[in-house]
Amino acid sequence: DAKTTQPNSMESNEEEPVHLPCNHSTISGTDYIHWYRQLPSQGPEYVIHGLTSNVNNRMASLAIAEDRKSSTLILHRATLRDAAVYYCILSKGYALNFGKGTSLLVTP
Amino acid sequence: DAGVIQSPRHEVTEMGQEVTLRCKPISGHDYLFWYRQTMMRGLELLIYFNNNVPIDDSGMPEDRFSAKMPNASFSTLKIQPSEPRDSAVYFCASGLKYEQYFGPGTRLTVT
């Protein structure tokens with residue numbers, strides 16, 4: 001599977017938007033882009049996924065670059081509950097290889 | 001739906017003992033996954049099933065580990081014999097096409 005690169009950590013203020021970047025320059029045409037997050041002491045939680053077009057759901061938005069070599073997870077209004085490790089994963093199928101992710105700190 | 005159910009939530013056992021972890025997936029999901037998470041290695045996929053059939057077990061660390069899915073509502077991950085290096089949090093997840101839903105995990109400590 002192609003590799004992703006994410007910042008180790010990011011910080012945001014509560015009630016502000018958060019843009020979490022992910023680089024995947026070796027992505028193939030059949031790779032889906034998945035985002036999961038893991039809150040402290042919990043199992044990972046599905047956030048969103050996409051292939052080519054931008055995607056929106058109740059939790060977040062996924063913006064995919066036109067060349068698909070990068071993507072951004074957008075949390076429109078961060079809350080304290082959004083503090084978690086966010087994983088950007090590429091997968092052709094169902095097997096997911098979690099990397100180290102980005103640790104998001106949300107401050108009041 | 002209650003979500004993915006795992007039992008036990010915590011397990012402490014001695015080296016050499018057999019350990020069985022259990023998982024009840026979300027009804028209607030046709031994929032089931034077993035993962036292991038440690039500080040050193042992060043979150044690793046061990047094995048996954050589709051319609052109760054094992055599809056990829058390349059992540060199973062060695063022959064001491066085995067997983068079964070006798071029906072659509074139950075799966076087990078067995079370690080026999082257990083070793084201290086097996087200490088980790090084991091997650092079960094179930095899913096449909098491209099979304100996986102994780103259970104709360106079983107924290108295994110092997111002394």
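In this text, all values refer to a predicted model and were calculated from it rather than measured experimentally. Residue numbers start from 1 in every chain, and the chains themselves are labelled A, B, ... in the order their sequence lines are given, proteins ahead of strands.
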Within a reach of under 6.0 Å around [atom1] of [X], are more than 12 heavy atoms found that belong to other residues, nucleotides or ligands?
| X | atom1 | answer |
| --- | --- | --- |
| R64(B) | CZ | yes |
| E62(B) | CD | yes |
| N71(B) | CG | yes |

Problem - Donor-acceptor under 3.5 Å (Y98(B) side chain, Y32(A) main chain) - result: no

Handout entry: Student check: side-chain heavy atoms of Q38(A) and Q37(B) closer than 4.5 Å
Key = yes

Can you get from [X] to [Y] by hopping between Ile, Leu, Val, Met, Phe, Trp and Tyr side chains that sit under 4.5 Å apart?
| X | Y | result |
| --- | --- | --- |
| I26(B) | M69(B) | no |
| Y46(A) | V85(A) | yes |
| I47(B) | V53(B) | no |

Practice task
Nearest 0.5 Å please: distance from the CD atom of E99(B) over to the CD1 atom of I48(A).
Solution key: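 CD1 of I48(A) is found 10.0 Å from CD of E99(B).
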
Problem - OH-CZ distance between Y36(A) and F102(B), expressed to the nearest 0.5 angstrom - result: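 Answer for the OH-CZ pair, Y36(A) versus F102(B), is 6.0 Å.
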
Handout entry: Toward chain A, the part of L46(B) with a non-hydrogen atom under 4.5 Å
Key = neither

Exercise for the section: Flag the one option from G43(A), G99(A), G101(A) with the top tally of heavy-atom pairs under 4.5 Å to chain B. Expected result: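 Counting heavy-atom pairs under 4.5 Å, the top option is G43(A).
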
Exercise for the section: Please work out which of the three classes, parallel, tilted or perpendicular, describes the rings of Y31(B) and Y94(A), given edges at 30° and 60°. Expected result: parallel

Exercise for the section: Over all heavy atoms of both residues, which pair between L96(A) and L45(B) is shortest? Give the atoms and the distance, please. Expected result: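 Smallest heavy-atom distance, with atoms named: O-CB, 4.1 Å.
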
